[in-house]
Amino acid sequence: MSAEKTPIDGSSSTNTLLQLHQLLTSCSKSISGGNFSQSQTSVSELINFLDSVSDASISELEPGAKENAFKILSGIYEFLCSPSLNQENIDALSFELPKSASRFAGVSPQCLEISDNIIHRFIEKCSPRDMLPILCEALDSPNKTVQAATYVCPLISGLSDVFISLQRRHFEQIKVAVPVVVKVVKAISTESDYEDTELETLFERIVVNAHSIQTVCRKLEDGENEKLRALLGLYVLQILALVSVSRNYLHFALQLASILPYSGISGLGLITGYSVDTMSHIVIGEDEEDCSSFSSHVYLGASLSVVWAQKHDEFAQAAKFDFGAIKTELQNNPTKRWQAVGMLKHVFASIDLPWEFKRYTVDFLLNITSGDISNKLEHNDCSLYMTSLFSSLQALTMIIIYTSDTVLRKNAFEALKRVLVDIPISQRFDILKALIKNSDSSSMVAILLDLVRGEMHREHILRTSLQKNEALEADSKTCQSTLFWSTSILELVESVLRPETGGPPILPDNSDAVLSALNLYRFVLMTEAAGKTNYTGLRSKNNLQKAYNEWLLPLRMLVGGIAAANKNDIDQHAVETVCALNPIELVLYRCIELVEENLKHLA
């Protein structure tokens, strides 16, 4: 029969202490007597009683509940320290009491201290190897009725003691605990309902936990030392990311930065991803499916470490980063610069990071792409990095769209253009095309189409200048000046003017994209006609008729119908709709006129 969860108040303090004494006596007798079934029942009754006390004290529904909680917790600790308590009792209670004691940690600082003492007592008296899975299980199952930030603190401190007390297989056992700690800290740090003091207490213990792993490393031989140092490096990077997401705590970031050199980590290795990949390979070994020791937060932490170093000189000093040398190397080495841009996507795409970090990251990107970097690309191929470059650019477009900071929006757009220029022209069009097709924002599609038009204009100028030189030289470079002037332009324009859903685009929702696509089409057709060329295929009869019948005429009917329906309406939305359609109607008319003229010449 389980203990009743009776209300706890000041007048019942003596009764609750007496009930605790009775429950502890029952547990001790049943465990010592070897009655397994009875001992399970006794321990269960004790845990239910303790949980009822902790729930009442945390909710503060009853007067004097906190004082009672402290007395009950102190009674538990005194019982565990009793010289007459045998090891059999301690072992049996070690499975449940650490979790139950940790529930009291959020009641008061005094209860937190007693909770620490209780867990430390178990670690002193029990095998560290046995206590590690017990603490990990308790960490992985916080009760919804308690404040997780305080609940996990005694357990994390307990793990720090366990790490140092382990006698063998240090790497294998710590490797089990690290992802559990990261998981629970990640869950807590992304919530917003914790007080600063609660989070500070948590991160203080996390930093101590990292230092305890460092202490263990120093005691090990080379082989296991290398593995544990790599695991420590991955752990620190994940915690640095969570510190950044949580409250931007500089003092914790500095403490974590001081551990990075011990793990053999360099700033350049972090921002290019090389150090992360190296440490991951050491930790995982040949078992590539065993990725539980780190998450995507490792890469976020690696990227943020360099952002922290740019933001705070003391961080660079603590981590032993030569920040000037890092920037110089990235400016001069296209491959490493592409790797760095790919790593920065983790910062740009994070929905949890404060905007401040994205602003500093954009500034860092502007720094490493300053100067005439395009002259260094002639013999480089970025095919291996296309996926990560695309992800970073796509994340940059999200910043441009959603930030309310006009300076950040302007800088992010400048960074976007610089990264595009940094991509060899043979692959630049593919990146732009992918960005356009994967964007849901009409305004962003318009911006990207304008960038395509700008690239085509530059190619046209280059081609024109080449044609003025000797024929041989022009022939050797013409292919370099027509990479954007290809039949792919037709597909790009069609994706906007005749979407995959069929029929004309939705207006006025897509007004910006439609206007930009019409301007691009008109520019290409005019330029091709003036030069009597057809690189894009736009001037072929079939393509002219297709554009006329499938793109332009249906669009004219749509625009005309919407304009007529809103012509005499004075509603604000109707006025805005007509204003948005006016420039489209003008450019559309000129495009139709231009197509008709080209068809007439082909007749």
Side-chain angles (χ1 to χ4, degrees), residues 374 417 420-421 423-437 445-498 505 511-553 555-556 583-603:
S374 60
K417 292 189 292 183
L420 285 169
V421 171
I423 298 171
I425 194 168
S426 58
Q427 293 148 327
R428 199 177 304 160
F429 179 79
D430 292 334
I431 283 278
L432 277 166
K433 180 180 174 182
L435 288 171
I436 291 168
K437 291 201 167 186
V445 169
I447 290 171
L448 294 169
L449 286 172
D450 287 345
L451 292 176
V452 170
R453 182 155 54 97
E455 290 288 348
M456 296 185 76
H457 177 69
R458 278 188 288 275
E459 282 191 3
H460 174 66
I461 297 299
L462 175 61
R463 186 169 63 246
T464 303
S465 65
L466 286 173
Q467 288 170 351
K468 294 178 181 179
N469 297 327
E470 296 180 6
L472 184 62
E473 182 182 359
D475 287 342
S476 67
K477 295 185 179 180
T478 297
C479 62
Q480 293 291 325
S481 60
T482 57
L483 291 170
F484 273 74
W485 290 82
S486 68
T487 55
S488 296
I489 288 296
L490 272 170
E491 182 185 347
L492 202 58
V493 173
E494 184 177 35
S495 68
V496 177
L497 299 184
R498 188 178 175 83
S511 296
D512 291 341
V514 169
L515 179 60
S516 187
L518 288 171
N519 278 322
L520 175 60
Y521 180 78
R522 181 167 175 265
F523 164 74
V524 174
L525 192 53
M526 287 178 62
T527 306
E528 295 267 50
K532 298 180 180 180
T533 59
N534 195 24
Y535 298 113
T536 60
L538 258 67
R539 293 186 69 227
S540 70
K541 186 175 182 179
N542 287 341
N543 284 330
L544 286 168
Q545 289 176 335
K546 177 181 179 180
Y548 190 77
N549 294 319
E550 298 182 15
W551 306 350
L552 303 180
L553 290 185
L555 186 58
R556 182 171 68 178
I584 292 178
E585 195 170 17
L586 176 62
V587 178
L588 178 59
Y589 172 79
R590 291 177 177 173
C591 285
I592 291 173
E593 190 177 55
L594 190 59
V595 171
E596 290 174 341
E597 182 181 335
N598 275 267
L599 283 170
K600 186 185 296 184
H601 285 301
L602 293 174

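If you take CZ on R556 and CD1 on I584, they are separated by 15.0 Å, rounding to the nearest 0.5 Å. Between R458 atom CZ and F484 atom CZ the span is 8.5 Å, to the nearest 0.5 Å. Here L497 contributes atom CG and L490 contributes atom CG; the two are 11.0 Å apart, rounded to the nearest 0.5 Å. Rounding to the nearest 0.5 Å gives a distance of 11.0 Å between CG of L449 and CG of L435. In this structure, the separation between CZ on F429 and OG on S486 is 5.0 Å, given to the nearest 0.5 Å.
Taking L451 as the reference, F413, L416, K417, L420, L432, L448 meet the side-chain contact (heavy atoms from CB on, under 4.5 Å) condition, with sequence neighbours excluded. In this structure, E550 has no side-chain hydrogen bond (donor to acceptor under 3.5 Å, both in side chains) partners at least two apart in sequence or on a different chain. The salt bridge (charged side-chain N to carboxylate O under 4.0 Å, His left out) check on E491 picks up K433, K437, with sequence neighbours excluded.
The shortest distance between side-chain heavy atoms of M456 and V452 falls below 4.5 Å. Two residues are said to be in side-chain contact when any heavy atoms from C-beta on lie closer than 4.5 Å; Y535 and E459 fail this criterion.
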Pair I461, H457 - check side chain to side chain contact (heavy atoms under 4.5 Å, CB included), show working. CA-CA 6 Å; I461 297 299; H457 177 69; 3.9 Å; yes
Pair up each side-chain donor or acceptor in residues 512-526 with any protein partner under 3.5 Å, not counting sequence neighbours, and list the distances.
| unit_1 | atom_1 | unit_2 | atom_2 | d |
| --- | --- | --- | --- | --- |
| D512 | OD2 | S443 | OG | 2.8 |
| S516 | OG | A446 | O | 3.0 |
| S516 | OG | D450 | OD1 | 2.8 |
| N519 | ND2 | L515 | O | 3.3 |

Please tabulate, for the side chains in residues 536-546, all donor-acceptor contacts under 3.5 angstrom to protein atoms that are two or more places apart in sequence or on a different chain.
| unit_1 | atom_1 | unit_2 | atom_2 | d |
| --- | --- | --- | --- | --- |
| T536 | OG1 | E528 | OE2 | 2.8 |
| T536 | OG1 | L538 | N | 3.3 |
| R539 | NE | N598 | OD1 | 3.3 |
| R539 | NH1 | T533 | O | 3.3 |
| S540 | OG | G537 | O | 3.0 |
| S540 | OG | N543 | N | 3.4 |
| S540 | OG | N543 | ND2 | 3.0 |
| N543 | ND2 | G537 | O | 2.7 |
| K546 | NZ | E494 | OE2 | 3.2 |

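Screening residues 583-596 for side-chain hydrogen bond (donor to acceptor under 3.5 Å, both in side chains), with sequence neighbours left out, gives Y548-E596.
Comment: K600 does not engage E597 in a salt bridge, judged by the lack of any side-chain N to carboxylate O separation of less than 4.0 angstrom.
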